[in-house]
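Chain A is the first sequence line, chain B the second, and so forth, proteins listed ahead of strands; every chain is numbered from 1.
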Amino acid sequence: MTDWAHHRFTANDLLLDRQLVDSRGMMAGRIDDLELSDPEPDPAGGGSAARAPVLTALLCGPIAYGPRLGGRLGTWWAATGRRLRGDGDGYPCRIPLSLVARVDRMQVRLTSPRELLPSYRLRAWVADKVIAPLPGSGR
Amino acid sequence: MRAAELIGSRVVDADGTQVGVVHDLHFRLIGRPDGEVECELDMVECGGIAVGHRLGYGHAEMTGPWPIPRLFRLLSRRSLVFGWSDVARLQPRLIVLRVRRADLARRPVRGEESA
């Protein structure tokens with residue numbers, strides 16, 4: 001279960017742009033957007049939602065950050081992220097709340113090592129395909 | 001739904017009057033019957049100027065450099081909040097409320113929020 005530092009908080013205060021730290025204390029990315037459950041329709045048919053959305057996951061990477069930037073720059077940023085991702089999936093890297101150990105003002109600590117996170121895939125690819133073949137890289 | 005779909009959206013009230021632009025989402029923790037804790041969207045904060053919130057000056061957590069926190073906090077006092085039950089419908093980049101702007105509450109200050 002996630003340990004939250006505060007009972008009430010805002011997205012800007014505690015979540016957005018916070019550093020993700022994995023189970024070994026290594027940097028694992030940054031929170032660029034939040035995934036909320038879809039609003040449930042109003043049973044009275046008023047066009048509103050009966051139940052407020054709940055937070056379901058943290059999103060990170062350029063596909064998540066693009067819409068927050070907005071405009072042409074945001075579109076371009078998200079498109080670059082989709083191109084780098086390579087699998088054609090247009091949804092951002094998703095970290096479900098079940099992987100979050102603690103949330104405080106400084107950082108968000110995860111229960112998993114960063115190598116197992118989808119947000120680490122590009123960095124792992126660069127390490128294997130670009131850095132490792134360089135002379136003197138240590139391999 | 002993503003937070004970026006809400007943040008930055010225009011808000012209009014039941015009469016079509018502009019309320020502002022969403023610049024923050026307020027969450028609260030609620031316990032479920034099975035013992036799990038859910039993080040529910042409690043209120044949506046909107047107003048005219050969002051840059052202070054993006055920089056972390058909307059509430060009391062940023063303390064310097066003088067006089068920037070004071071300036072942004074004065075500006076954010078005009079922010080209004082509404083609950084999810086006040087939302088009549090969601091459209092792309094637009095939130096239509098079922099209440100009037102005059103009925104919306106001011107943003108709670110930190111001491112009142114946690115009480």
(message) Applying a strict under-4.5 Å side-chain criterion to I, L, V, M, F, W and Y, I'd like to know whether B/V19 and B/V87 cluster together.
(response) yes
(request) Specify which of A/A64, A/A57, A/G70 makes the most heavy-atom pairs with chain B at under 4.5 Å. (result) A/A64
(request) I would like to know whether B/E38 and A/R51 meet salt bridge (charged side-chain N to carboxylate O under 4.0 Å, His left out); could you show each step before the answer? (result) CA-CA 13 Å; B/E38 275 187 336; A/R51 187 170 185 273; 2.6 Å; yes
(request) Kindly compute the distance separating CZ (A/R8) from NE2 (B/H26), expressed to the nearest 0.5 Å. (result) 10.0 Å
(message) Measuring from atom OG1 of A/T2 to atom CD of B/E36, what distance do you get when rounded to the nearest 0.5 angstrom?
(response) 8.5 Å
(request) Following the transitive rule for hydrophobic clusters with a side-chain heavy-atom cut-off under 4.5 Å over Ile, Leu, Val, Met, Phe, Trp and Tyr, establish whether A/L84 and A/V126 coincide in one cluster. (result) yes
(message) Counting neighbours of CZ on B/R32 that are heavy atoms of other residues, nucleotides or ligands and sit closer than 6.0 Å, is the number greater than 12?
(response) yes
(request) Could you state whether B/M1 and B/V96 fall into the same hydrophobic cluster, counting links through intermediate Ile, Leu, Val, Met, Phe, Trp or Tyr residues with side-chain heavy atoms under 4.5 angstrom apart? (result) no
(message) Could you tell me if the side chain of A/L15 sits less than 4.5 Å from the side chain of B/L25, heavy atoms only?
(response) no
(message) Taking side chain as everything from C-beta outward and backbone as N, CA, C, O, which of these in A/L16 sits under 4.5 Å from a heavy atom of chain B? Side chain, backbone, both or neither.
(response) side chain
(message) Quick check on the hydrophobic clustering: are A/L34 and A/V103 connected, directly or via other members, by side-chain heavy-atom contacts under 4.5 Å?
(response) yes
(request) Could you pull out the closest heavy-atom pair between B/L41 and A/A52, with the gap in Å? (result) O-CB, 3.2 Å
(request) Give a yes or no answer on whether the side chain of A/N12 reaches the backbone of B/D24 with a donor-acceptor pair at less than 3.5 Å. (result) no
(message) Less than 4.5 Å apart, side chain to side chain, heavy atoms only: is that true for B/R2 and A/P92?
(response) yes
(message) For chain B, which candidate among A/V54, A/L55, A/L59 shows the most heavy-atom pairs at distances under 4.5 Å?
(response) A/V54
(message) Return the CG to CG distance between B/L90 and A/D38, rounded to the nearest 0.5 Å.
(response) 10.0 Å
(request) Could you check if a side-chain atom of B/D42 sits within less than 4.5 angstrom of a side-chain atom of A/F9, using non-hydrogen atoms only? (result) no
(message) Tell me if the CZ atom of A/R24 is crowded by more than 12 foreign heavy atoms within 6.0 Å.
(response) yes
(request) Establish whether A/L14 and A/L110 are linked, either directly or via other cluster members, by ILVMFWY side-chain heavy-atom contacts under 4.5 Å. (result) yes
(message) Measuring only between side-chain heavy atoms, which start at C-beta, is A/H6 closer than 4.5 Å to B/F27?
(response) no
(message) Given heavy-atom pairs under 4.5 angstrom as the criterion, report whether the side chain, backbone, both or neither of A/S37 touches chain B.
(response) backbone
